[in-house]
Amino acid sequence: MNQAAPQPQRLARRAELVRRLGRLVDEGGLIHRPEDLVAYECDGLSAYRQAPLAVALPTSAGQVSGLLRACTELDIPVVPWGAGTGLSGGALPLGDGVVLSTARMNRILDIDLEDRTVTVEPGVTNLSVTHAVSPHGFYYAPDPSSQIACTIGGNVAENAGGVHCLKYGTTTNNLLGLQVVLSDGEIVDIGSAAMERAGYDMLALFTGSEGLLGVITRATLRILPKPESARALMAVFDSVSAAAGAVAAIIGSGLVPAGMEIMDRLSIEAVEEFLGCGYPLGVESLLLVEVDGPAAEVEEQIDAVERTVSGAGATKISRADSPEERQRLWAGRKAAFPAMGRISPDYYCMDGTIPRGRLPEVLERIAALSEAYGLRVANVFHAGDGNLHPLVLYDSSAGELEPAEELGGEILKLCVEVGGVLSGEHGIGVEKRDLMPCQLSDDDLDLQEELKGAFDPAGVLNPGKVYPSLRTCAEGRMHVPGGRLPFPELERF
């Protein structure tokens, strides 16, 4: 840690930094007053907060290049920022660092219906892409629950998914090209609008890289024609494990629905109180299934799904007979996270991913862990691809944050134990950083850090994220022991 400069000298150096960075952006494009930095203290993982030194809001790749070049020369850490909706602390600022927000880079640059592509700047929201192409009969498939607010740059950085990722994939399956700016200011184009590419798959490397390799300044996305027809049904079960068994039966039958989601009793009741979307109360779990495609095929498939869930023990089955009813069913599922405020002052959201066949076992073991820790866990998840979202409910004012973190860590270790991974779509960030040795060997981690060094030799891009300071799973845990902030403020300025 650098020795703190005397206060007058420190303030003078801060002022000089602000002047230098301020010359690189448009008027109003640099935020540095303490009262204005409050909005950037955390991302969606609000349990940990830390104000940055300043926030830069460039409007072009050229401005991003200038900012990164200046910060690299000054050895100032840079944290890329989309909309701040991430849930793993991936955008948690550093006390001596600059947040680089792409919020002002929010233009849709090109819509090519013949090639079925859309090119956008990183600050365009997920749902805005679909709104832009919907009049032409197209849509953008990845649909995370925060799609009204989350941005394409953040979606790429975290490889975001959504409720329809079972059939249509996550961001990586719907991304064709990127423009990124490296830490030395170099602007690089990766991929293209073509369906195939030669050479190393650099596009895959940058997708899900969590802002550690470069800053995304443009993305070319694949769009799809709206399906001719879509039908959904809701099946009620006596247990979450029974609903999970129905998922296995549907996949085993050869059907590939557009989406399958499971919600347990806690989440059902919270959502129904919050939104009133028609979910039944007093039931242990429900399964939402949607199929889409040609009308004749959809009718045959929804009938097959109904027969399958009935055979798997569903106690009640209801179909959405209109587009409005179908949207209402999905609106409830997408409102599950904010609805938790109805039943708990705080919640911690996991996103471990497991093999589908292990769902019943894992859910039973999560219930046992919940009882052992004395904390409720609401289960909401993408059942089709095994991406779990256990919500650990706790009260930070009652000192329950650390037990909640410990329980979350045990759930993620369980996911790895059964052959899964620590994250399906939220990323590692700081949340799961010190659990990485539970999934990856020292050689794996060394290789990843070497890749990071190749693209960012100065180490200024999002330092302290993803790569653990501990290298054994036994020592690994969520965040850091004692609830300390992951990054002390280094008082260079």
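Predicted, not measured: the structure shown is a model, and the values here were computed from it.
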Under 4.5 Å between any side-chain heavy atoms of [X] and [Y], yes or no?
X: L414; Y: I366; value: yes
X: E273; Y: E269; value: no
X: T102; Y: T217; value: no
X: F237; Y: I262; value: no
X: F206; Y: V156; value: no
X: F381; Y: D351; value: no

With the threshold set at 4.0 Å, does a side-chain nitrogen-carboxylate oxygen contact exist between [X] and [Y]?
X: R326; Y: D321; answer: no
X: D189; Y: R218; answer: yes
X: E210; Y: R433; answer: no
X: R471; Y: E449; answer: yes
X: D303; Y: R319; answer: yes

Between [atom1] of [X] and [atom2] of [Y], what distance do you get to the nearest 0.5 Å?
X: C277; Y: E272; atom1: SG; atom2: CD; value: 5.0 Å
X: L388; Y: L359; atom1: CG; atom2: CG; value: 6.0 Å
X: L127; Y: I152; atom1: CG; atom2: CD1; value: 10.0 Å
X: M263; Y: M234; atom1: CE; atom2: CE; value: 10.5 Å
X: Q301; Y: L255; atom1: CD; atom2: CG; value: 5.5 Å

Would you say that more than 12 heavy atoms from the other residues, nucleotides or ligands in this model lie under 6.0 Å from the [atom1] of [X], or not?
X: I148; atom1: CD1; value: no
X: E300; atom1: CD; value: no
X: D238; atom1: CG; value: no
X: E297; atom1: CD; value: yes

Looking only at non-hydrogen atoms, find the nearest pair between [X] and [Y] and report the distance.
X: W81; Y: A91; result: CZ3-O, 3.4 Å
X: P257; Y: I250; result: CG-CG2, 3.8 Å
X: A141; Y: N174; result: CB-OD1, 3.9 Å
X: M202; Y: F455; result: CE-CZ, 3.2 Å
X: A270; Y: I343; result: CB-CD1, 3.9 Å

Query raised in the report: What class does the angle between the rings of H164 and W330 fall in, given that below 30° is parallel, 30 to 60° is tilted and above 60° is perpendicular?
Result: tilted
Kindly say whether [Y] contributes a backbone atom to a donor-acceptor pair with the side chain of [X] at under 3.5 angstrom?
X: Q439; Y: V421; answer: no
X: T59; Y: R104; answer: no
X: S344; Y: M340; answer: no

Will you find, in the side chains of [X] and [Y], an N or O donor that is under 3.5 Å from an N or O acceptor?
X: K452; Y: S209; answer: no
X: N159; Y: T172; answer: no
X: Y140; Y: N155; answer: no
X: E425; Y: H389; answer: yes
X: H426; Y: E431; answer: no
X: S239; Y: E284; answer: no

Margin query: Assess the residue pair E290 and R333 against the criterion (salt bridge (charged side-chain N to carboxylate O under 4.0 Å, His left out)); give the C-alpha distance rounded to whole Å, side-chain angles, the decisive distance to 0.1 Å, and a yes or no.
Written below: CA-CA 13 Å; E290 180 174 301; R333 164 59 186 89; over 6 Å; no
